[in-house]
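Some notes on the structure that comes next.
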Amino acid sequence: MKTVVGTIALNQAQPPQDRQAGFTLIELLVVILIVTLLSAIALPSFLNQANKAKQSEAKTYTNAFVRAQQAYYLEQHTFAPTLDLLSVGLPTQTAHYQYGTDGPYNVAAADENIIILGSSLQAPLKSYVGMVQVGLVTAIGEATTLAIICESNSPGIGSIPPPVAAANGPICSSGTASISK
């Protein structure tokens, strides 16, 4: 009798041989649902970070061109009419931005200030504009330069309003915000 009970218990402990290993349809659907939800949350965040990296290029380039214009003015007592004359070593057009000293507006007194544009070539990116303004003349006849860099408040392709020259230095126009330090 003992052998019969032991054999029955052994048969019950083993899984049935006809069941195959794998996932059920419900388990697969749950996994697909979870992956879809995670990607729906993560993808917009990832795309936003990619746009911030592209905009960082424009901030850096616009700042470099503004600083180079300041140095050029100190040496030449005039602003460089094109960015190529500055010898910064940066391209004036990249895959995402175009840089230049001219725009859809004219600067009335070219010897008193100059505008650097970092125009977005893609809709989800913001544009940037910098301005170098000749400041006060020192006691020894040297002129100082004041600079500002402004970021458009909304992304998009198109012109960005230039900063306005003021007595204490340039001020960002409405629709833009200062990112200068």
Side-chain angles (χ1 to χ4, degrees), residues 42-181:
L43 189 61
S45 176
F46 171 74
L47 293 176
N48 190 28
Q49 291 301 320
N51 287 339
K52 283 184 180 182
K54 292 171 188 172
Q55 289 174 184
S56 178
E57 167 209 308
K59 290 177 191 177
T60 302
Y61 280 29
T62 304
N63 187 40
F65 288 129
V66 164
R67 300 298 172 221
Q69 280 287 11
Q70 286 181 297
Y72 190 92
Y73 189 87
L74 281 173
E75 293 176 4
Q76 306 295 327
H77 303 290
T78 188
F79 292 112
T82 65
L83 298 181
D84 294 329
L85 292 175
L86 297 175
S87 301
V88 177
L90 297 173
T92 56
Q93 183 164 349
T94 64
H96 311 292
Y97 284 92
Q98 182 171 355
Y99 305 94
T101 55
D102 56 320
Y105 39 79
N106 295 322
V107 179
D111 289 340
E112 295 179 13
N113 53 43
I114 192 161
I115 293 173
I116 309 295
L117 296 170
S119 301
S120 163
L121 299 176
Q122 298 175 352
L125 302 176
K126 293 183 178 183
S127 293
Y128 296 86
V129 62
M131 181 179 196
V132 180
Q133 176 184 342
V134 177
L136 300 172
V137 178
T138 63
I140 58 172
E142 293 282 325
T144 60
T145 57
L146 306 166
I148 195 168
I149 299 172
C150 307
E151 174 184 65
S152 61
N153 290 341
S154 58
I157 300 171
S159 63
I160 178 173
V164 177
N168 294 334
I171 302 169
C172 290
S173 298
S174 64
T176 64
S178 175
I179 60 168
S180 300
K181 294 178 183 173

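Within the 4.5 Å cutoff, side-chain heavy atoms of I115 are placed close to those of V129. Contact check for K59 versus I149: no side-chain heavy atoms found under the 4.5 Å cut-off. Between L117 and Y99 the shortest side-chain heavy-atom distance does not fall below 4.5 Å. In this structure, the side chains of Y61 and V88 stay at 4.5 Å or more apart for every pair of heavy atoms. Using a 4.5 Å cut-off on side-chain heavy atoms (C-beta onward), S120 and Y97 make contact.
Applying the ring pair (Phe, Tyr, Trp, His ring centres under 6.0 Å) rule to Y128 yields no partners; only residues at least two apart in sequence or on another chain are considered. Residues satisfying the side chain to side chain donor-acceptor pair (under 3.5 Å) test with Y72, not counting sequence neighbours, are none.
Separating the CD1 atom in I114 from the CD atom in Q133 is a distance of 13.0 Å, to the nearest 0.5 Å. Note that CG of D84 and OG1 of T101 are 9.5 Å apart. Values are rounded to the nearest 0.5 Å. To the nearest 0.5 Å, atom NZ of residue K126 and atom OG of residue S154 are 8.0 Å apart. Rounded to the nearest 0.5 angstrom, I148 CD1 and C172 SG are separated by 3.5 Å. Taking NZ of K54 as the reference point, atom NE2 of H96 lies at 4.5 Å (rounded to 0.5 Å). Rounded to the nearest 0.5 angstrom, S127 OG and Q122 CD are separated by 11.0 Å.
Counting only distance, with no hydrogens or angles, the side chain of S56 and the backbone of K52 share no donor-acceptor pair below 3.5 Å. Listed for the T176 side chain is no donor-acceptor partner under 3.5 Å among the backbone atoms of C150.
The two residues L146 and G135 have their closest heavy-atom pair at CD1-CA, 4.2 Å. Scanning all heavy atoms of the two residues, the minimum distance from A147 to P170 falls at C-CG, 4.2 Å. The shortest non-hydrogen separation linking F65 to L86 is O-CD1, 3.9 Å. Contact detail for A64 and L90: the closest heavy-atom pair is CB-CD1, 3.7 Å. Of all heavy-atom pairs spanning V164 and S173, the tightest one is CG2-OG, 3.7 Å. I160 and S152 make their closest contact through CD1-N, 3.6 Å (heavy atoms, listed as atom of the first residue, atom of the second, distance).
Remark: the E57 side chain and the T94 side chain contain an N/O donor-acceptor pair separated by less than 3.5 Å. Q70 and T145 form a side-chain donor-acceptor contact under 3.5 Å, judged by distance and modelled atom types alone.
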Please step through side-chain contact (heavy atoms from CB on, under 4.5 Å) for the pair I116 and L83, ending with a clear verdict. CA-CA 9 Å; I116 309 295; L83 298 181; 3.8 Å; yes
